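Here's the structure, in structure tokens; my notes come after.
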Amino acid sequence: MYKVREATAQDMMAVIEAYYSYYDEVKYNAELGLTLYNERPDLNTETKWYNNLIGSNRAVAVVGEVDGKAVGLCTIEPRKENSELSRIGVLGIAIMEKYRNMGMGRAMMTKALELARGKFEIIILSVFSNNLRAIHLYRSLGFIE
């Protein structure tokens with residue numbers, strides 16, 4: 001079973017490990033549905049990103065946890081800080097392959113959207129057109145094209 005909660009500084013290494021796993025998965029799963037950099041970012045870069053995410057009073061970060069370890073991350077971050085676009089939140093979500101199809105994605109998004117109330121006027125996301133499961137989930141949560 002899983003639990004969903006706000007991300008903490010203690011989740012950093014597990015979240016980075018999960019992110020790095022997507023670089024291996026995309027090699028055999030062309031329909032992964034994530035946009036990744038050409039090269040996997042180094043640990044220092046990822047550490048800075050995660051600390052900025054957790055330290056932000058505007059961003060929302062939720063993890064899905066199994067057996068005490070974060071295995072998925074759902075974030076809503078300002079589209080652009082310190083501008084009119086900061087009222088727009090950009091949602092991103094990823095779960096390690098082994099933990100998908102358990103309902104964790106819906107639970108993480110629901111929690112993140114609850115926490116985002118009052119922080120953003122609009123929340124947007126992107127999805128590959130062939131990712132039908134994700135599209136169905138997003139529509140069921142009220143997102144429209």
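Not measured: the values here are computed from a predicted model.
Counting heavy atoms from C-beta outward, Leu34 and Glu25 have side chains that stay 4.5 Å or more apart. The side-chain heavy atoms of Met109 and Leu125, taken from C-beta on, include a pair separated by under 4.5 Å.
Phe128 and Ile93 are not part of a single hydrophobic cluster, where members link through side-chain heavy atoms under 4.5 Å apart. A single hydrophobic cluster is seen to contain both Leu53 and Leu36, as judged by linkage of ILVMFWY side chains at heavy-atom distances under 4.5 Å, directly or through other members. The hydrophobic cluster containing Val71 also contains Met1, counting ILVMFWY residues as joined when their side-chain heavy atoms lie under 4.5 angstrom apart, directly or transitively. Hydrophobic clustering (ILVMFWY, side-chain heavy atoms < 4.5 Å, transitive): Ile124 and Leu113 are in distinct clusters. Tyr2 is connected to Tyr99 through a chain of hydrophobic side-chain contacts under 4.5 Å among Ile, Leu, Val, Met, Phe, Trp and Tyr, so both are in one cluster.
In this structure, Lys119 NZ and Glu77 CD are separated by 11.5 Å, a value rounded to the nearest 0.5 Å. Taking CG from Leu91 and OG1 from Thr75, the interatomic distance works out to 6.5 Å, rounded to the nearest 0.5 Å. Here the CE atom belonging to Met12 is positioned 5.5 Å from the CG atom belonging to Asn51, to the nearest 0.5 angstrom. Here the CD atom belonging to Glu46 is positioned 9.0 Å from the CZ atom belonging to Arg40, to the nearest 0.5 angstrom.
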Donor-acceptor pairs are to be reported for all side-chain atoms of residues 132-145 against protein atoms at under 3.5 Å, with residues two or more places apart or in another chain.
| from | atom 1 | to | atom 2 | distance (Å) |
| --- | --- | --- | --- | --- |
| Arg133 | NE | Asn101 | OD1 | 3.3 |
| Arg133 | NH2 | Asn101 | OD1 | 2.5 |
| Arg139 | NH2 | Glu145 | OE2 | 2.2 |
| Ser140 | OG | Arg106 | NH1 | 3.2 |
| Ser140 | OG | Arg106 | NH2 | 2.7 |
| Ser140 | OG | Leu137 | O | 2.7 |

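Counted by atom type alone, Asp42 and Thr45 present one or more donor-acceptor pairs between their side chains at under 3.5 Å. With 3.5 Å as the limit, one finds no donor-acceptor pair spanning the side chains of Asp24 and Ser21.
Closest approach of Met96 and Ala18 over heavy atoms only: CG-CB, 3.5 Å. Between Ile76 and Ala112, the shortest heavy-atom distance links the atoms CD1-O, 3.6 Å.
By the salt bridge (charged side-chain N to carboxylate O under 4.0 Å, His left out) test, Glu121 is found to be paired with Arg87, residues two or more places apart in sequence or in another chain being considered.
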Practice task
Could you check Asp11 against Thr8 for side-chain hydrogen bond (donor to acceptor under 3.5 Å, both in side chains), going step by step and ending with a plain yes or no?
Solution key: CA-CA 5 Å; Asp11 296 315; Thr8 67; 3.2 Å; yes
Exercise for the section: Mind running side-chain contact (heavy atoms from CB on, under 4.5 Å) on Met108 and Ile95 for me, showing each step along the way? Expected result: CA-CA 10 Å; Met108 288 169 50; Ile95 301 171; 4.1 Å; yes
Problem - Val66 vs Met104, side-chain contact (heavy atoms from CB on, under 4.5 Å): CA-CA, chis, key distance, verdict - result: CA-CA 10 Å; Val66 174; Met104 188 185 313; 3.8 Å; yes
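Sequence neighbours left out, the pairs with a member in residues 20-51 that pass ring pair (Phe, Tyr, Trp, His ring centres under 6.0 Å) are Tyr19-Tyr23.
At a threshold of 4.0 Å, the pair Glu65-Lys111 does not count as salt-bridged, since none of the basic side-chain nitrogens sits closer than that to a carboxylate oxygen.
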